[in-house]
Student: 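Before we start, here is the structure in question, set down as structure tokens.
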Amino acid sequence: MNTSDDDGRPLVDGRFRLISRLGSGGMGTVWRARDIALDRDVALKEVRPPDPAAEEAHPGLTAQLRARAIREARALARLSHPHVVTVHHIVEPADGSAPWIVMELVEGSSVADRLAAGPLPVPEAVALGRQVLAALRAAHAAGIQHRDVKPANVLLRAEGGAVLTDFGIAAFDEATSRLTASGDLIGSADFIAPERVRGEEGNPASDLWSLGMLLYVATEGHHPLRRATSLATVVAVLDDPIPPPVRSGALGPVLTRLLVRDPALRPDGAELDRLLAEAAAVPADAVPPGFGPPTPLAYQAPPPHPYARPQHVPAPAPDRRRRLARLAGGLVVAAALFALALTQFLPKGGDAGSTGGTGGLGSGTGDGKQTASTGSTGSTGSTGATASPGDTPATTPPTTPAAGSHLTPAGVRTAVAAFRDATGVSTVKQLVVYEEYVVAEIPTKPGARTYDRYIYRDGEVSRQGVGGTISSSRPEQQPFDPTRMPWDDLPELAKRADRELKVESPTSRYLIAERWTFNENRPTLLVYRTNDHSATGYLAVDADGTQVHKLVAD
């Protein structure tokens with residue numbers, strides 16, 4: 001850089017005058033600059049060198065990032081596409097310092113900026129999806145994967161049209177092993193495909209997962225897997241179920257096809273474009289069966305964090321660390337990120353918001369019979385309840401389930417029986433119960449390693465699409481018998497959740513039955529309360545009715 005400009009402002013490569021900063025991210029800072037040679041404004045990306053401490057911990061990291069940035073520019077220069085940002089030039093300082101990438105200046109805002117004002121109408125989201133998909137297909141055809149498709153990296157031209165930018169972590173296929181050999185997490189945690197989290201290189205289908213998640217967020221208005229910490233988000237991306245879309249209209253079935261964890265089951269680029277074209281042809285007010293709100297008033301908005309994982313687990317520290325070590329064994333994360341997230345995820349000592357692992361709620365045998373049990377923390381069983389000494393009265397009165405609600409012993413059992421009759425399978429991988437409907441992940445046949453997704457609503461079961469594959473090496477994925485859960489405890493659990501979880505004005509009440517990682521992978525019932533301000537609390541109950549955890553919203 002020099003200051004030979006008449007105005008005394010700095011010049012990059014003796015040619016590009018910095019005007020103002022447009023934004024910054026993990027890979028560097030983007031400036032608005034003036035190309036004095038061609039008399040035009042451009043976007044100038046200043047590739048950020050790593051922190052000296054990072055270079056010390058990972059010798060050669062600076063050179064690796066510099067090579068990656070140069071590779072980005074050369075990769076993009078191979079593309080000429082209306083929905084891919086154009087690279088004009090690359091500045092490689094002779095002293096080996098970080099390069100500068102000169103790009104087309106896109107006048108407009110990002111999709112992230114647009115979504116800050118609210119969700120996109122479905123037709124607008126479908127059009128956006130086709131444009132970003134066209135950019136990805138062009139990149140994939142040239143052997144380039146983006147690896148960080150997210151709202152902030154899609155720009156909207158002022159005159160219309162989307163532009164995919166920031167291929168800062170893109171790489172040629174043949175160079176990928178060198179770029180990821182350090183074990184760093186390549187991509188944003190909440191938009192990265194699960195196979196990439198597991199350390200697999202991935203393929204074009206991995207970018208399509210990220211596009212699907214972008215479109216889900218764009219139409220549903222919330223991210224289904226974002227959690228309080230980066231590590232918790234990564235865990236959710238690996239394993240947590242994705243709630244069925246309720247606001248996405250004709251796009252809903254496309255998202256269901258796309259957001260599956262087995263990349264081989266996702267549609268490829270050509271098929272996805274066909275599916276989006278078909279969705280674009282559907283009238284804007286048409287809603288596919290099973291993809292709309294159950295009633296106009298009962299479900300105005302989806303829960304903000306419908307499958308939140310706990311940040312604190314009330315178990316002896318050695319057991320906690322062993323469980324997390326097993327869980328984190330498949331994660332490919334940077335050492336610094338992992339250490340930081342781990343301290344948040346596993347605090348020293350107990351959880352002040354927990355009742356411990358001994359509070360009883362009545363034991364269920366699966367046949368409707370109940371026996372009372374009382375723990376040592378002041379919690380009581382289903383035969384009667386009194387608040388624990390530290391409990392605070394709820395800010396809103398407990399809500400009694402409406403007539404016909406599935407959040408009752410009879411309502412849940414009716415749905416479970418309907419799933420069994422419709423599929424011929426008596427086990428589930430997971431059961432999610434809302435007041436108006438129930439969603440289940442069910443093996444495709446007894447003993448099968450594959451599963452599909454189903455929904456029970458208005459007395460009928462309908463198949464929602466392909467689920468995925470059950471790994472024999474992952475105990476938390478194994479199916480279980482839902483009839484053996486403590487459903488008779490639901491009325492008392494609902495009262496306790498309303499009274500103790502401290503979620504003000506809850507807008508969503510729902511249940512999850514699954515094998516829970518933090519309960520030694522045993523079938524566990526989680527009773528949730530969430531509100532529009534993202535406050536989340538839950539009670540976790542073992543299949544015998546014993547409380548194993550409580551997460552209080554504050």
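All values below were derived from every heavy atom in this structure, side-chain atoms included, with hydrogens, water molecules and symmetry-related copies excluded.
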Student: Listing request: all side-chain hydrogen bond (donor to acceptor under 3.5 Å, both in side chains) pairs with a residue in residues 120-138, at least two apart in sequence or in separate chains.
Tutor: R130-D273

Student: Is a donor from one side chain sitting under 3.5 angstrom from an acceptor on the other, for E46 and W31?
Tutor: yes

Student: Once you measure the plane-to-plane angle for H406 and Y456, does it fall in the parallel (<30°), tilted (30-60°) or perpendicular (>60°) bin?
Tutor: perpendicular

Student: If you define the side chain from C-beta out and look only at heavy atoms, does anything of L164 sit under 4.5 Å from L136?
Tutor: yes

Student: Has N153 got a side-chain atom pairing as donor or acceptor with D148's backbone, closer than 3.5 angstrom?
Tutor: yes

Student: Could you go through D41 and D35, starting from their C-alpha distance and side-chain angles, then the distance that decides it, and tell me whether this counts as side chain to side chain contact (heavy atoms under 4.5 Å, CB included)?
Tutor: CA-CA 6 Å; D41 284 353; D35 182 347; over 6 Å; no

Student: Are the side chains of L128 and V154 in touch, meaning some heavy atoms are under 4.5 Å apart?
Tutor: yes

Student: Which pair of heavy atoms, one from V122 and one from A250, lies closest together, and at what distance?
Tutor: CG1-N, 4.3 Å

Student: Atom CD in E159, atom CZ in R157: separation rounded to 0.5 Å?
Tutor: 6.0 Å

Student: So, E104 side chain and A43 main chain: donor-acceptor pair closer than 3.5 Å or not?
Tutor: no

Student: May I ask you to test the L511-V432 pair for a side-chain heavy-atom distance under 4.5 Å?
Tutor: no

Student: Apply side-chain hydrogen bond (donor to acceptor under 3.5 Å, both in side chains) to the pair Q430 and R453, showing each step before the final yes or no.
Tutor: CA-CA 10 Å; Q430 186 196 61; R453 294 189 177 93; over 6 Å; no

Student: Check whether any side-chain N or O of R261 sits under 3.5 Å from a backbone N or O of V237 as a donor-acceptor pair, and report yes or no.
Tutor: yes

Student: Is the shortest heavy-atom distance from the side chain of L208 to the side chain of L133 under 4.5 Å?
Tutor: yes

Student: With rounding to the nearest 0.5 angstrom, report the CG to OH distance, L259 to Y216.
Tutor: 8.5 Å

Student: Quick check: does any side chain N or O of D13 sit under 3.5 Å from a backbone N or O of R15, one acting as donor and the other as acceptor?
Tutor: no

Student: Got a salt bridge between R196 and E200, using NZ or NE/NH1/NH2 to carboxylate O under 4.0 Å?
Tutor: no

Student: Run the side chain to side chain contact (heavy atoms under 4.5 Å, CB included) check on R40 and H88 step by step: do they pass?
Tutor: CA-CA 12 Å; R40 65 178 178 181; H88 298 311; 3.5 Å; yes

Student: Please test R257 against E271 for side chain to side chain contact (heavy atoms under 4.5 Å, CB included), starting from the C-alpha separation and ending with a verdict.
Tutor: CA-CA 11 Å; R257 287 281 311 276; E271 184 180 5; 2.7 Å; yes

Student: If you look at every heavy atom in R449 and S471, which pair is closest and at what distance?
Tutor: NH2-CA, 4.1 Å

Student: How close do W209 and I192 get, counting heavy atoms only, and between which atoms?
Tutor: NE1-O, 3.4 Å

Student: Using modelled atom types and a 3.5 Å cut-off, is there a donor and acceptor pairing between side-chain atoms of S248 and backbone atoms of L251?
Tutor: no

Student: Would you say the side chain of M103 lies within less than 4.5 Å of the side chain of K45, judging by non-hydrogen atoms?
Tutor: yes

Student: Could you list the residues that satisfy side-chain hydrogen bond (donor to acceptor under 3.5 Å, both in side chains) with E107, not counting sequence neighbours?
Tutor: R32

Student: Check whether any side-chain heavy atom of L115 sits under 4.5 Å from a side-chain heavy atom of L120, and report yes or no.
Tutor: yes

Student: Can you tell me if R529 uses its side chain to pair, donor with acceptor, with the backbone of S508 under 3.5 Å?
Tutor: no

Student: Got a donor-acceptor contact below 3.5 angstrom from the H83 side chain to the A162 backbone?
Tutor: yes

Student: Give the intermediate values and the outcome of side-chain hydrogen bond (donor to acceptor under 3.5 Å, both in side chains) for residues T450 and T469.
Tutor: CA-CA 4 Å; T450 53; T469 300; over 6 Å; no

Student: Please confirm whether the backbone N or O of R227 pairs with a side-chain atom of T233, one donor and one acceptor, at under 3.5 Å?
Tutor: yes

Student: Within the side chain of R515, is there an N or O that forms a donor-acceptor pair under 3.5 Å with the backbone of K429?
Tutor: no

Student: For P443 versus V425, what's the shortest heavy-atom pair and its separation?
Tutor: O-CG2, 3.5 Å

Student: Is the shortest side-chain heavy-atom distance between T219 and P119 below 4.5 Å?
Tutor: no

Student: Say you draw a straight line from CH2 of W100 to CG of L18; how long is it, rounded to the nearest 0.5 Å?
Tutor: 5.0 Å

Student: Give the minimum heavy-atom separation between L215 and A125, together with the two atoms involved.
Tutor: CD2-O, 3.5 Å

Student: Do we get K150 above F191's six-membered ring, with its NZ or CZ under 6.0 Å from the centre and within 45° of the axis?
Tutor: no

Student: With side-chain hydrogen bond (donor to acceptor under 3.5 Å, both in side chains) as the criterion, how do Q145 and S206 come out once you've worked through the C-alpha distance, each side chain's angles and the decisive distance to 0.1 Å?
Tutor: CA-CA 9 Å; Q145 297 180 44; S206 303; 5.3 Å; no

Student: So how far is it from L211 CG to M213 CE, rounded to the nearest 0.5 Å?
Tutor: 11.0 Å

Student: Quick one: pull up CD1 in I512 and OH in Y538 and give me the separation to the nearest 0.5 Å.
Tutor: 10.0 Å

Student: Compare every heavy atom of H146 with every heavy atom of D207, then report the nearest pair and how far apart it is.
Tutor: OD2-N, 2.9 Å

Student: Taking everything shown except E460 itself, do over 12 heavy atoms lie less than 6.0 Å from its CD?
Tutor: no

Student: What verdict does the side chain to side chain contact (heavy atoms under 4.5 Å, CB included) test give for L44 and V30, after you've listed the backbone C-alpha separation in whole Å, the side-chain angles of each residue and the deciding distance to 0.1 Å?
Tutor: CA-CA 6 Å; L44 191 61; V30 179; over 6 Å; no

Student: Taking side chain as C-beta onward, heavy atoms only, is I455 less than 4.5 Å from S462?
Tutor: yes

Student: Quick one: list whatever passes side-chain hydrogen bond (donor to acceptor under 3.5 Å, both in side chains) with T423, sequence neighbours left out.
Tutor: none

Student: Would you give the length of the straight line joining atom CG of D190 to atom OG of S210, rounded to the nearest 0.5 angstrom?
Tutor: 9.5 Å

